[in-house]
Amino acid sequence: MIQITLPDGSIKEFPKGVNAIDVAKSISEGLARNVISAKFNEKTIETSTTLTENGSLTLYTFNEPEGKKAFWHSSAHVLAQAITSFYPNVKLTIGPAIDNGFYYDVDLGDDTISEKDFNEIENKMLEFARGKFEFLMREVSKKDALDFYKNQNNQYKVELIENLTDGEITFCDHSDFTDLCRGGHIPNTSIIKAVKITSAAGAYWRGDEKNNQLTRIYGISFPKQKMLTEYLELLEEAKKRDHRKLGKELELFAFSAKVGQGLPLWLPKGAALRERLENFLKKAQKKAGYEMVITPHIGQKELYVTSGHYAKYGEDSFQPIKTPKEDEEFLLKPMNCPHHCEIYNNKPYSYKELPKRFAEFGTVYRYEQSGELHGLTRVRGFTQDDAHIFCTPDQLDTEFKAVIDLVLYVFKSLSFENFTAQVSLRSKEKSDKYIGSDENWEKAETAIINAAKEKGLDYVIEYGEAAFYGPKLDFMVKDALGRSWQLGTIQVDYNLPERFDLQYKGADNQLHRPVMIHRAPFGSMERFIAVLLEHTAGKFPLWLTPEQVIILPISEKYQIYAEKVLHLLENSEIRALVDERNEKTGRKIRDAEMNKIPFMLIVGEQEESEGTVSVRKQGEGDLGTFTIEKFISLIDNEINSTLEKF
RNA sequence: GCCGGUGUAGCUCAGGGGUAGAGCGUUUCCUUGGUAAGGAAGAGGUCAUGGGUUCAAUUCCCAUCAUUGGCUCCA
C-alpha cells in the first residue's frame, strides 16, 4: 500500500500501482469522468501513470489552468497528426499549449496552408479525436530517437534531441502517430469535442530571424461544443472594444496613408482628451516637485553618438536630416533623455539642489518595423510623458519609490487595477546588447528590486527586457484580446550620466556623478489612450470623457431653453452640447446612449417652466428631475469621488 | 523586415470578365414629439495605386501603397 496526500491535506491509502483516475474514482465517479491531468509530487504526470510511492497528488479538470494545458497540449498532438495526414512530407518541430489554445510549428517545404484549409484540418482532427486513442508515453534511447527523426530528414527534432540527455527522452504515441514529447496529456483523444484552427502565421525556428521560417498553425479546442461557441463570442465582444474601432467611432484619432504609416492624427475630441490627461499628470507632477521643460524635436547626430543611441539604433532608424551645410546632420529625436542631460549640463549643481526633476511631454520618432505597427499601441511618432530625475546615489531609493507612488496614483485614477509589475533585467547571455559596466548594472538592478519589494509590489522578473542603458520597472496592462502592453516605466541609469559627463558638487567639495531615473507613468499618450479605450470600451471616467452632457430638447420650441442650460453648464466647466436635430426624443436618447455620453438632459415644456432638467444616465436610465444647480453638483461629486488628489 | 489575410459610398459590408449594390450616416421636405431607431424623396463610388492578360478588368495575374493576424524587433 502507498499513502496519497490530497490537496485538502487528507491522506488515503491505495494499493501500489494505482493511477490518478483510480484515486479520482475513490472520491467520486463525476470527478473520475472529468479528471484530465494530474500532478504527483510537483511533477506533471499522465492520468494513467502508475504510482508506486507515497506522495501528494493533485487532480485537474478542464476548469484548472493545468487541465487546460494538458488538454491543449494533447490537442497539438492531434493537430500534428492531422497535418501529417494532409502533408506526409511535413517536418514537425514544436507544438506547445499557450494561454488560449495551442499551436504547432511545421516546415511544409514548398507547400502552404491558408484559411481555406482550416476546415478540413478541423474535421480531420475531430475524426482522429473520435478514435478515442490513448496517449502512451515510452522511453527511447537517444540513439533510437535520433535515428527515428534522421529517417524522416527532420533536422529540427534532431536538433532538439541532441540537446536532451540520454535516458530522459520520451516519445508519445497515440493511434499510429508518434511525437517527441515530455508528457502531460489527457487520458484519450475522445475528450476533444470541439476544435477551431484560428490562424496560420510565419514563425522563425527557435525565434531567431536568421533561421528558417516555419508555418505556425494556431488552434483552440474544448471538451464541449458550447465552450467553443462561447469562446468565439468572447472574441467577437473583444473586437468591439478594439481601440482602433472605438477611436474611429468616437472620432478621437485617425491615420492617413498620405501622412505616412504609424503617424497618428489626433482629431479635436482626441486632442482634447489627451490634453486633459496631460493636465491631470502635470498637476500631480507639480506637487511631486517636477519642473516642466521643452526641447526641440531634432538634435545633432553627435548628441546621439554621445548617448549611444546612434550606435545602437542608427542604421535601423529614421536617417539623419541633412542641411545645406556640408557634414551637418540632425536626427529626429528618438528619446528625450539626451536633451534633458544637456539641460542638466546647462549649469553646475550643488548636492543641495538635487534632485532635479525635468519633465516634458516630448514627442519622439522611431522607425518601427512596418510589420510591428499596430493602431495607437505601436507607432512611429508618439509623445512620452517623460521625465528625468537627476539625484545623488543616496537619494535614489527615495526618488525611485516616489515615482512608484506616482505611477500607482495614475493607474488608480484611471481604474487600471489589473496591471503586472515587471522588473526588466539584462539577459543572462547576449551582453553586447547593453552599454555600461557590470558594476553599474548590478547597482541599478539591486536598486529597482529593492524599491519594488519595499513598495510591496507583486512583481515578476523578466530577463532580457532591459533597455540597453539600464534595467527597468515596467507596468504592463493587457488589451481587450489579452495582449500585454508596457505602459508605465521607471528606469535607473548610471550610464548616460557618465556619457554626458554629468556632475554635481558634494558636501566634500568634490565633483560627483549623479544617478538618473527615466520615468513615464503613461508610457506614451498614444499607447495609454489605446489601452484605456479597450479597458473602458469607450466609457471614459466622467472627468476625462470628451462630452459629459448632452441636452435633448423635446422639440424645436425648447431650443432656446436648451441653449440657456448649455451656457449655465459651460460656466461651471462642464462639457455639454445640444442635440438640435429634428428628431424624436426616443431617437435622440438612443443616439446619445450609443455615443456613450454619460448624462442626457431632457428639456421640454415642464422643465422650461420650472427651470429644471430631466436627467438620464447613460446605461442606467432616468434619474428624475433636478434643478440645474443640483445637477452641476451631481457632476462635481462624481468627478471628485473618482479623482483623488495626489 | 518575414509568412499569411484584406482594400468596393462618410461608416459597416454584399457582389462579380460586359464600368456597381444594401443598411447606417448625410441633404431636402413632411412631422413638433416625454426616456433606446417617425415618414418620404434625393445626393454620394476612377471598385487603393500602377502595370500586364483580354474584344472588354472593379473582378484574373504582377508590383507598389495602406491595413490586418502572427514571427522578429521595441531606446
Side-chain angles (χ1 to χ4, degrees), chain A residues 103 105 108 112-116 198-218 242 244-245 248-249 251 255-262 304 307-310 312-314 316-317 333-338 364-375 377-380 384 386 424 433 435 465-470 472 481 483 485-486 489 491 493 496 518 520 524 527 552-559 581-594 600-607 614-624:
Chain A
Y103 66 78
D105 279 353
L108 292 166
T112 54
I113 283 185
S114 76
E115 267 175 58
K116 294 182 274 301
T198 48
S199 70
Y204 301 102
W205 168 237
R206 304 218 135 174
D208 189 332
E209 64 181 326
K210 291 184 201 82
N211 289 340
N212 269 355
Q213 190 158 41
L214 309 168
T215 303
R216 176 169 298 178
I217 299 161
Y218 285 91
D242 190 315
R244 293 166 298 193
K245 182 177 148 67
K248 198 182 261 182
E249 284 171 7
E251 294 182 22
F255 288 90
S256 148
K258 257 194 186 128
V259 172
Q261 53 176 172
Y304 303 100
S307 71
H309 288 95
Y310 190 77
K312 177 83 180 155
Y313 297 103
D316 304 315
S317 212
K333 75 173 168 188
M335 284 206 85
N336 302 301
C337 12
V364 297
Y365 300 90
R366 299 176 184 177
Y367 189 76
E368 305 288 6
Q369 295 185 36
S370 59
E372 213 14 88
L373 299 172
H374 181 96
T377 48
R378 196 79 185 273
V379 286
R380 285 180 169 170
Q384 295 179 311
D386 213 353
S424 303
K433 274 172 70 176
I435 58 168
E465 294 293 315
F468 74 95
Y469 50 76
K472 311 189 284 177
L481 283 174
R483 291 175 291 212
W485 294 97
Q486 176 209 307
T489 180
Q491 309 165 8
D493 184 358
L496 289 187
H518 308 240
S524 83
R527 183 179 288 179
L552 313 178
I554 284 198
S555 83
E556 280 166 17
K557 287 185 230 158
Y558 313 107
Q559 204 84 260
R581 292 177 307 164
N582 177 7
E583 292 292 349
K584 289 192 173 178
T585 312
R587 179 51 180 273
K588 291 183 180 180
I589 287 172
R590 179 182 154 82
D591 289 346
E593 287 280 348
M594 305 273 282
M600 287 152 252
L601 301 184
I602 292 115
V603 296
E605 191 180 356
Q606 192 193 329
E607 289 78 10
S614 212
V615 181
R616 181 188 166 101
K617 193 163 184 188
Q618 200 267 346
E620 291 178 29
D622 199 352
L623 298 188

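Just so you know, these numbers use all the heavy atoms, side chains as well, and skip hydrogens, waters and symmetry mates.
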Handout entry: Phosphate OP1/OP2 of B:A66 contacted by A:Gln261 side-chain N/O (<4.0 Å)
Key = yes

Exercise for the section: Would you tell me if any nitrogen or oxygen in the side chain of A:Arg244 comes within less than 4.0 Å of OP1 or OP2 on B:U67? Expected result: no

Exercise for the section: Quick one: stems involving RNA chain B, counted as three or more successive Watson-Crick or G-U pairs, both distances short of 3.5 Å. Expected result: B:1-7 with B:65-71, B:10-13 with B:21-24, B:26-30 with B:38-42, B:48-52 with B:60-64

Practice task
For the pair A:Gln618 (side chain) and A:Glu593 (backbone), establish whether a donor and an acceptor sit closer than 3.5 Å, ignoring hydrogens and angles.
Solution key: yes

Handout entry: Distance-only donor-acceptor test (3.5 Å): side chain A:Arg378, base B:C73
Key = yes

Exercise for the section: Using heavy atoms to find the nearest nucleotide of RNA chain B for A:Arg206 and A:Phe468 separately, return the residue whose nucleotide is more 5′. Expected result: A:Arg206

Exercise for the section: Side chain of A:Glu368 only, please: which of B:C74, B:G69, B:A66 is the nearest? Expected result: B:C74

Handout entry: First of A:Leu481 and A:Ser317 reached from the 5' end of RNA chain B, by closest nucleotide
Key = A:Leu481

Exercise for the section: To the nearest 0.5 Å, tell me how far A:Tyr304 OH sits from A:Tyr313 OH. Expected result: 14.0 Å

Scan nucleotides 2-9 of chain B against the protein and return all N/O pairs shorter than 3.5 Å with their distances rounded to 0.1 Å.
unit_1	atom_1	unit_2	atom_2	d
B:C2	O2'	A:Gln213	OE1	2.1
B:C2	O2	A:Gln213	NE2	3.1
B:C3	O4'	A:Gln213	OE1	2.8
B:C3	O2	A:Gly202	N	3.1

Collect all protein-nucleotide pairs involving nucleotides 23-25 of chain B in which both atoms are nitrogen or oxygen and the distance is under 3.5 Å.
unit_1	atom_1	unit_2	atom_2	d
B:G25	OP1	A:Arg587	NH2	2.0

Problem - Any donor-acceptor N/O pair under 3.5 Å between B:G10 base and A:Glu251 side chain - result: no

Practice task
Starting from C1' on B:A36, measure out to CZ on A:Arg616 and report it in whole angstrom.
Solution key: 6 Å

